[in-house]
Amino acid sequence: MKKKIILLLTCVALILPMGGVSAKNDKPLISDNRVISNNINDAKLDNTNIEGEILNIREAKNGILADMNDFVISIDDKSEIINEFDGKKLSKNDLKKGMKIRAYYGPAVTLSIPPMSYGRRIMVLQNTQGIGTVEQNIGNIVKFNNEKSAYIKSKDGAIFTFITEKTEIVNGKGEKAFLKDLKAEDRIKLYFDERGGDIGLKNYLPLIYMPEKIVILDKVETELFATQGKISKVTDSKNGVAIMVEGKKVTEFGYDAIRLNIDENTKIINAKDKKQLSYKDLKEGTEILAYYGGAVTRSLPPIGNGKEIIVLQ
């Protein structure tokens with residue numbers, strides 16, 4: 001106990017130069033088109049995710065369906081499933097009703113209600129008894145002891161984290177990481193022994209933690225928007241290929257008509273056999289489901305970059 005008091009006083013002394021102690025006071029279309037992209041070999045994994053409890057698990061032809069709140073995740077043997085706490089690889093059979101998970105999915109999502117998408121990576125967040133957790137956004141990091149140790153202050157100033165050489169650090173995939181991998185603005189999750197990892201005082205800010213483990217959480221990208229409709233025009237010029245899509249938006253935020261730029265990063269998939277297509281397969285009159293990011297021009301029609309194009313017919 002004496003050691004903890006000494007450490008607490010030391011931590012408080014370190015915090016004061018950093019600013020002192022703060023006081024504590026239109027609906028989607030309903031369709032039978034179950035379009036799911038499960039190409040997990042892509043070099044860039046989309047980080048769109050949903051976090052919550054598994055409400056039910058159902059058997060499916062190629063795996064299982066995990067029902068979450070207003071969303072369904074399709075999981076098969078190619079899905080990467082990891083216990084976030086210890087980095088252990090799991091299988092779909094380890095997933096149970098009541099578990100809390102973070103599912104990285106898509107980018108393609110079905111037009112059904114509730115929507116369904118393929119689970120590329122599943123992080124199991126179920127905590128071990130006696131292990132506490134807390135998440136924080138890193139504000140700044142002060143390294144010392146030849147960069148073997150550090151103290152971190154959260155962006156909101158409410159959490160102070162002390163890292164030693166014994167602190168285990170992993171990335172969002174459960175792979176070993178290092179102090180140098182922690183950056184300002186990163187979001188991290190702390191795992192600590194509830195009997196000793198929380199050395200802060202009640203009603204005292206910032207709270208002070210000495211975690212046993214730190215997980216660097218993946219940055220969540222902006223959610224994709226979608227429009228279903230027909231290609232009314234295809235433009236192929238020296239500046240690249242662009243298509244005009246006219247139909248109806250199928251996400252809360254999106255457009256009934258939008259012009260989309262198509263490049264080598266745009267995935268084009270046939271809904272019937274899931275085969276990859278070329279931009280040359282995009283013809284006027286083709287029915288498609290187009291996914292794009294939220295960054296679009298303010299022109300009429302708006303112009304954006306196509307992320308994934310599902311050819312429906």
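Using a 4.5 Å cut-off on side-chain heavy atoms (C-beta onward), Met68 and Ile50 make contact. Side chains of Asp281 and Ile268 form no contact here, defined as non-hydrogen atoms less than 4.5 Å apart. A heavy-atom distance below 4.5 Å is found between the side chains of Ile243 and Ile262. With contacts defined as side-chain heavy-atom distances shorter than 4.5 Å, the pair Val124/Ile82 does not qualify. Residues Leu95 and Ile75 are in side-chain contact: their nearest non-hydrogen atoms beyond the backbone lie under 4.5 Å apart.
Remark: Phe71 pairs with Tyr105 by the ring-ring contact (aromatic ring centres under 6.0 Å, His included) rule, at least two apart or across chains. In this view, Thr297 and Ser299 satisfy the side-chain hydrogen bond (donor to acceptor under 3.5 Å, both in side chains) rule, not counting sequence neighbours. Every residue meeting the side chain to side chain contact (heavy atoms under 4.5 Å, CB included) condition with Glu284, not counting sequence neighbours, appears here in chain and number order: Lys233, Val234. Take Lys176 and apply the side-chain hydrogen bond (donor to acceptor under 3.5 Å, both in side chains) test, not counting sequence neighbours, and it matches no residue. With sequence neighbours excluded, the residues that form a side-chain hydrogen bond (donor to acceptor under 3.5 Å, both in side chains) with Ser232 are Glu246. Listed by chain and number, the residues in a side chain to side chain contact (heavy atoms under 4.5 Å, CB included) with Asn145 are Lys148, Ser149, Glu165 (sequence neighbours excluded). Every residue meeting the side chain to side chain contact (heavy atoms under 4.5 Å, CB included) condition with Arg187, not counting sequence neighbours, appears here in chain and number order: Glu135, Asn137, Leu217. In this view, Gln136 and Thr161 satisfy the side-chain hydrogen bond (donor to acceptor under 3.5 Å, both in side chains) rule, not counting sequence neighbours. A search for side chain to side chain contact (heavy atoms under 4.5 Å, CB included) contacts involving Pro301 returns Met244, not counting sequence neighbours. In this view, Glu287 satisfies the salt bridge (Lys or Arg N to Asp or Glu O under 4.0 Å) rule with no residue, not counting sequence neighbours. Residues satisfying the salt bridge (Lys or Arg N to Asp or Glu O under 4.0 Å) test with Lys155, not counting sequence neighbours, are Glu185. Listed by chain and number, the residues in a salt bridge (Lys or Arg N to Asp or Glu O under 4.0 Å) with Lys89 are Glu80 (sequence neighbours excluded).
In this structure, Leu282 CG and Ile231 CD1 are separated by 4.5 Å, a value rounded to the nearest 0.5 Å. Here the CD1-CD1 distance, from Ile138 to Ile152, works out to 4.5 Å after rounding to the nearest 0.5 Å. Here the CD1 atom belonging to Ile214 is positioned 4.5 Å from the CD1 atom belonging to Ile188, to the nearest 0.5 angstrom. Separation of atoms CD (Glu212) and OG1 (Thr164) is listed at 10.5 Å; rounding is to 0.5 Å. Atom CG of residue Leu312 and atom CD1 of residue Ile288 lie 8.0 Å apart, to the nearest 0.5 angstrom. Taking OG1 of Thr133 as the reference point, atom OH of Tyr209 lies at 9.0 Å (rounded to 0.5 Å).
Between Phe162 and Phe144, the ring planes are tilted. Angles from 30° to 60° get that label.
Of all heavy-atom pairs between Leu179 and Ala150, the closest is CD1-CB, 3.8 Å. Counting all heavy atoms, side chain and backbone alike, Ser79 lies closest to Ser74 at OG-O, 4.4 Å. Closest non-hydrogen pair, Gly306 versus Thr266, comes out as O-OG1, 2.8 Å. Closest approach of Lys92 and Ile64 over heavy atoms only: O-CD1, 3.7 Å. For the residue pair Ile54 and Ala66, the shortest heavy atom distance occurs at CG2-CB, 4.4 Å. Considering all non-hydrogen atoms of both residues, Ala290 and Ile309 come closest at CB-CD1, 3.7 Å.
Hydrophobic clustering (side-chain heavy atoms under 4.5 Å, transitive across Ile, Leu, Val, Met, Phe, Trp, Tyr) keeps Val245 apart from Ile303. Taking hydrophobic clusters as Ile, Leu, Val, Met, Phe, Trp and Tyr residues chained together by side-chain heavy-atom distances below 4.5 Å, Met99 shares a cluster with Leu90. Linking ILVMFWY residues whenever their side-chain heavy atoms come closer than 4.5 Å, directly or via other members, places Val142 and Ile208 in the same cluster.
In this structure, Lys280 contributes its side chain and Leu277 its backbone to no donor-acceptor pair below 3.5 Å. Proximity of a side-chain donor or acceptor of Thr227 to a complementary backbone N or O of Lys249 within less than 3.5 Å is not detected. Under a 3.5 Å cut-off, the side chain of Lys275 and the backbone N or O of Lys272 do not form any donor-acceptor pair. At least one donor-acceptor pair closer than 3.5 Å links the side chain of Thr251 to the backbone N or O of Ala226. Distance alone, capped at 3.5 Å, is enough to place a donor-acceptor pair between the Lys183 side chain and the Lys180 backbone.
The neighbour count for Lys230 NZ, taken as heavy atoms of other residues, nucleotides or ligands under 6.0 Å away, does not exceed 12.
Cation-pi geometry between Arg121 and Tyr104 is met: the NZ or CZ atom falls under 6.0 Å from the ring centre, inside 45° of the normal.
Side-chain contact check for Asp76 and Tyr118: at least one donor-acceptor pair (N or O, by modelled atom type) lies under 3.5 Å.
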For this session: Walk me through it: do Tyr151 and Ile163 pass the test side chain to side chain contact (heavy atoms under 4.5 Å, CB included)?
Result: CA-CA 6 Å; Tyr151 60 90; Ile163 301 175; over 6 Å; no
For this session: Show your working on side chain to side chain contact (heavy atoms under 4.5 Å, CB included) between Ile73 and Leu65 and close with a plain yes or no.
Result: CA-CA 6 Å; Ile73 299 294; Leu65 298 177; over 6 Å; no
Exercise. Should Val311 and Ile269 be marked as a side chain to side chain contact (heavy atoms under 4.5 Å, CB included) after you check the CA-CA gap, both sets of side-chain angles, and the distance that decides it?
Worked result: CA-CA 6 Å; Val311 176; Ile269 300 172; over 6 Å; no
Problem set entry | Derivation of the ring pair (Phe, Tyr, Trp, His ring centres under 6.0 Å) call for Phe225 and Tyr255 | CA-CA 8 Å; Phe225 303 158; Tyr255 303 89; 7.2 Å; no
Exercise. Taking it one step at a time, do Val241 and Thr235 satisfy side chain to side chain contact (heavy atoms under 4.5 Å, CB included)?
Worked result: CA-CA 6 Å; Val241 178; Thr235 304; over 6 Å; no
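Between Arg102 and Glu84, at least one side-chain N (NZ, or NE/NH1/NH2) sits under 4.0 Å from a carboxylate O, which counts as a salt bridge.
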